[in-house]
Amino acid sequence: MKRRATVHPRPHSPTYEALLRAGRRVRPLQQVHARIVVAGHHRTRSLLTKLLTLILCSSSSASGSIAAYARTLFLSIPEPDTFLFNSLITLAAKSGRPADAIVLYRRMSAACLEPSNYTFTSVVKACADLSASRTGRVVHSRVISNGFDSDVFVQTALVVFYGKTGDLHHARKLFDRIPNRTVVAWNAMIAGYEQNGLPEEAVAIFQSMQVAGKEPDSATLVSLLSACSQLGALSLGLWVNDYLVNKGLELNVVLGTALINMYARCGHLEKARKIFNGLQERNVVAWTAMISGYGMHGHGHQAIKLFQQMKSSGLSPNDVTFVAVLSACAHAGLVSEGQEAFASMRRDCGLVPRVEHQVCMVDMLGRAGLLDEAMLFIREETRGLPGPEVLTAMLGACKMHKNFNLGVEVAEHLLAIEPGNPAHYVLLSNIFALAGRMDRVEKIRNVMIHRHLKKQIGYSLIEIDQATHVFRMGDTSHRQTMEIYKYLEELIDKIKEAGYVPETSAALHELEEEEREFALRFHSEKLAVAFGLMNTSKNSFIRIVKNLRMCNDCHLAFNFISLVSGREIIVRDKHRFHHFKQGLCSCQNYW
DNA sequence: GTAGGGTTAG
């Protein structure tokens, strides 16, 4: 057998070995420190550097006396060099103290020490973690001027940085210039897109990665699964699941959670639960993902049951867990359960409710028709200064319960805070349309045109035989267009016979007069369901993903469609799932 | 001593 000389380049000195043996335990480290001093090595930089980093990542590094000791030690090191600073910066960046990393970097520059590629990777990571875009860009220019912009580690760190700060344009530009991309570089780009709500781009990069012949690892798959979750792309998600099984990748808690989330968001709640049950280790994030899954499918009681089980298992819920629980209560109409959970946040877990929790509470009270209670909650919890998110939830409740006066009051408040958000105008005009105030609907539309505010365009996706078909309202681009429209016309006649009466008010605010009838009949989800019914077998589910909320009319129509076709239809809209079966929806018209 | 991953309301 060949000797592998590179493994042991040079034997360490006995004192260095002693340091390594002491590991991260403070007392033994301090004993070695004494040895260092006694042996006259108290000015040997390399030993002191190693000692300092070990002290800093020791289990008691949080204690004040240890911090003071570390500070004295640092000051005792003669003529700090780049290596010392790199060690400290890397340690700070890795152990959740990014601000310290930047301070050290500045001190290093002030001491006229030349930063290296190691310095830059860590400082850039720190900037990414802090979303410090200005500082990061300054560091980037220094990367270039110091000639480290062709180092793949630095490049990857920069891709991460631009991704984290939402500057995908620069992230991509840098990524494209990396000549020999490592898996980590690919992963950084995929994660950048996925975390910024651009799942299609994430999938596209993954496909280029496949073409380039780079083998994905578990981090790649985690980001890819998250992209699938956002898209509702079940077939790709299933492919990822098969892939990791075939590769024999260990199903760790992170990968498992990504799978749970993917299955839940793609409509396969039972499969999500199976993955959850099979996990070796379950942390708060995994439990939260499963609770959230039940919540968005309308299974409030299951969500609460799981929440209780999680607490019994000894884990403390975090604020995200509470968002999931409160949202689950809101979607299932479990008001008292939700109020109890909200109260326990502070009382039992010492968590301060944030805007997200307030939104859930307002949504929960509002949906349940408790509009006065919701207003009272807003007044008390936000001290009269509700954020736009909270008011949006309130406005939604006003629309749901057709409370015209309160709706106008809330909307005026909301538009004063966020005059540039088209969604608010759409919601308000919806309320006016419901109240039959077409003059006001008209006025709002004019304001929107005047301010160049465009409402989001709705679309629906349906996957058939692993191909994704996209439909937009009044879409005529599909090759089966004629058949789809003909089928849909007949379907609507059929459900009318069964008792369906179109609810026109929802469409009024969105469109020009002459488009109305056309639009109502041909909302994107109706086109998608017609296409699905035409092209799938009688005993299979129909799964549709919509980017906006379903309108009342489509919701009503889908109830009837499930009845007359005898098919189960699962729709994921912007906020939750609807399972239509035999004329009823799982949300019990409560969404 | 160097880069990347999962859960969050409306």
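Only a predicted model underlies this, so the values are computations on that prediction, with no experimental measurement involved.
Rounded to an integer number of Å, the gap from CG of A:Leu174 to C1' of B:dG4 is 16 Å. Between the OH atom of A:Tyr162 and the C1' atom of B:dG4 there is a distance of 18 Å, given to the nearest Å. In this structure, A:Asp151 atom CG and B:dG1 atom C1' are separated by 14 Å, rounded to whole Å.
In this structure, A:Lys94 reaches the sugar-phosphate backbone alone: every heavy-atom distance under 4.0 Å involves primed, P, OP1 or OP2 atoms, never a base. Residue A:Thr182 is classed as a base contact, given a heavy-atom separation below 4.0 Å to a base. Within 4.0 Å of A:Phe83, counting heavy atoms only, lies at least one base atom of the nucleic acid.
With sequence neighbours excluded, no residue forms a side-chain hydrogen bond (donor to acceptor under 3.5 Å, both in side chains) with A:His401. By the salt bridge (charged side-chain N to carboxylate O under 4.0 Å, His left out) test, A:Lys546 pairs with A:Glu525, sequence neighbours left out. Applying the side chain to side chain contact (heavy atoms under 4.5 Å, CB included) rule to A:Val408 yields the partners A:Phe404, A:Glu412, A:Phe432; only residues at least two apart in sequence or on another chain are considered.
Aromatic stacking is marked for A:Tyr118 over B:dG1, as both cut-offs hold: 5.5 Å for the centres and 30° for the planes.
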Using a 4.0 Å heavy-atom cut-off, write out nucleotides 5-10 of chain B from 5' to 3' as B (base contacted by protein), S (sugar-phosphate only) or - (no contact). BBBBBB
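Identified under the ring-ring contact (aromatic ring centres under 6.0 Å, His included) test for residues 183-206 of chain A, with sequence neighbours left out: A:Phe175-A:Trp186, A:Phe206-A:Trp239. A side-chain hydrogen bond (donor to acceptor under 3.5 Å, both in side chains) check over residues 352-365 of chain A, counting only residues at least two apart or in different chains, returns the pairs A:Asp319-A:Arg354, A:Arg354-A:Glu356, A:Asp363-A:Arg367.
Using a cut-off of 4.0 Å between Lys/Arg side-chain N and Asp/Glu carboxylate O, A:Glu215 and A:Lys247 are scored as salt-bridged.
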